[in-house]
Amino acid sequence: ADGESLRIRPHPAASSTCRGIAILSHGGGGSEEGLGYLARSMAADGFLSAVIGHPESGRQALRQRVRDAGIRSGLSTLVSDSAAYRGRLMDVAAARAWASARCKGKESVLLGHSMGAATVMMEAGARNGVGVKGADAFDVYVALSPQGVGALFPSGAWSRIHRPVLSITGTRDTALGGASWQRRTAPFAGMSPGCKWLAVIDGATHLDFGGRGGAPLVEDLTVQTIRAFLRGVRFGNCAAPAPVRGIELQVK
């Protein structure tokens, strides 16, 4: 919508019949080459998956900010930049249109990690401190390492989200600045009941969810949880599945 270009990494549906589309949004400083384990698993389940390379908040954008302000300050300013989030929502809309034109399936899922999780929540309708408004154009939302109450999201930010939402974090998933992983449970607590899940993976760190290949167990548990959640949404039964070792799951 702003006339800019973006790159996406497509992962075609493995089945002959495309179930629907899965759009994936990387964290700050990432690229369309990230989140491959999630994109591949969604493709294996019949989705046309597309990982977005967000130009306003990708590798080059982070490098520039790090050169200007150092690593911590550079990342902090990037993940709170209102212009970057406006661009991200435009990127999501463009990727969704691209994928929808290539898949007849009706299901749609938006997944994101870190800054991508903030993008997911904003698109789903969360009130925020950067002045952007999502279209709530997806059937299901999946947020890995979502942000709690702070500069991006005020108290009560998630009360208007009514679609199915899966939030995933880990017991070592500390926030920028070292805040406890437990802050990441605020979105689940602040949403109204109705197909909302919160999964906490024992020992999982922030980077483990990013798809760099260094945490196969965390990636496997994440994929299992997403599959169980989408299956529940599909069949209208969002009750908790059988317990899985290494995950604590809350459902409402």
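Here the structure is a predicted model, which means the values were calculated and not measured.
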Worksheet item: So which heavy atom on Pro164 is nearest to which on Val233, and how close?
Response: CB-CG2, 3.8 Å
Worksheet entry | side-chain hydrogen bond (donor to acceptor under 3.5 Å, both in side chains) partners for Arg172, two or more places apart | none
Worksheet item: Where the side chain of Asn128 meets the backbone of Gly131, is there a donor-acceptor pair that is under 3.5 Å apart?
Response: yes
Item to complete: Grab the two heavy atoms, one from Ala126 and one from Trp158, that are nearest each other, plus how far apart they are.
Response: CB-CD1, 3.8 Å
Practice prompt. Without swapping roles, check the side chain of Asp208 against the backbone of Thr205 for a donor-acceptor pair under 3.5 Å.
Written response: yes
Worksheet item: Any side-chain heavy atom of Val140 sitting closer than 4.5 Å to one from Phe229?
Response: yes
Worksheet item: His26 pairs by side chain to side chain contact (heavy atoms under 4.5 Å, CB included) with which of Arg88, Glu33, Arg59, Glu32?
Response: Arg88
Worksheet item: With a 4.5 Å limit on heavy-atom distance, are the side chains of Val51 and His11 in contact?
Response: yes
Worksheet item: Under the 3.5 angstrom rule, does the side chain of Asp139 hit a backbone N or O of Ser108 as a donor-acceptor pair?
Response: yes
Worksheet item: Within a reach of under 6.0 Å around CZ of Arg234, are more than 12 heavy atoms found that belong to other residues, nucleotides or ligands?
Response: yes
Worksheet item: Quick one: side chain to side chain contact (heavy atoms under 4.5 Å, CB included) partners of Ala97, sequence neighbours excluded?
Response: none
Fill in: Qualifying disulfide (SG to SG under 2.5 Å) pairs, either residue in residues 195-249, two or more places apart
Cys195-Cys238
Which pairs of donor and acceptor atoms, one on a side chain in residues 183-192, lie under 3.5 Å apart (sequence neighbours left out)?
| unit_1 | atom_1 | unit_2 | atom_2 | d |
| --- | --- | --- | --- | --- |
| Arg183 | NH2 | Val149 | O | 2.5 |
| Arg184 | NE | Asp173 | O | 2.9 |
| Arg184 | NE | Asp173 | OD1 | 3.3 |
| Arg184 | NE | Asp173 | OD2 | 3.4 |
| Arg184 | NH1 | Ser145 | O | 3.1 |
| Arg184 | NH1 | Pro146 | O | 3.2 |
| Arg184 | NH2 | Thr174 | O | 3.1 |
| Thr185 | OG1 | Gln182 | O | 2.6 |
| Ser192 | OG | His162 | ND1 | 3.4 |

Worksheet entry | For Ala83, side chain to side chain contact (heavy atoms under 4.5 Å, CB included) partners two or more places apart | Asp81, Arg86
Worksheet item: Is a donor on one side and an acceptor on the other found under 3.5 Å between the side chain of Arg127 and the backbone of Gly156?
Response: yes
Discussion item. Does atom CZ (Arg102) have a neighbourhood of more than 12 heavy atoms from anything else shown, all under 6.0 Å?
Written reply: yes
Practice prompt. Indicate yes or no for a side-chain donor-acceptor contact from Arg96 to the backbone of Ala137 under 3.5 Å, with no hydrogens or angles considered.
Written response: yes
Worksheet item: Between the main-chain N or O of Phe209 and the side-chain N or O of Glu219, is there a donor-acceptor pair closer than 3.5 Å?
Response: no
Fill in: Check: Tyr141 side chain, Ser167 main-chain N or O, donor-acceptor pair, under 3.5 Å
no
Show me the side-chain donor-acceptor pairs of residues 110-118 shorter than 3.5 Å, one per line, residues at least two apart or across chains.
| unit_1 | atom_1 | unit_2 | atom_2 | d |
| --- | --- | --- | --- | --- |
| His113 | NE2 | His206 | O | 3.0 |
| Ser114 | OG | His206 | NE2 | 3.0 |

Worksheet item: Does Ala84 offer a backbone N or O that forms a donor-acceptor pair with the side chain of Ser57 under 3.5 Å?
Response: no
Discussion item. Any heavy-atom pair between the side chains of Glu123 and Phe138 that's under 4.5 Å?
Written reply: yes
Worksheet item: Within a radius of less than 6.0 Å around NZ of Lys133, do more than 12 heavy atoms belonging to other residues, nucleotides or ligands occur?
Response: no
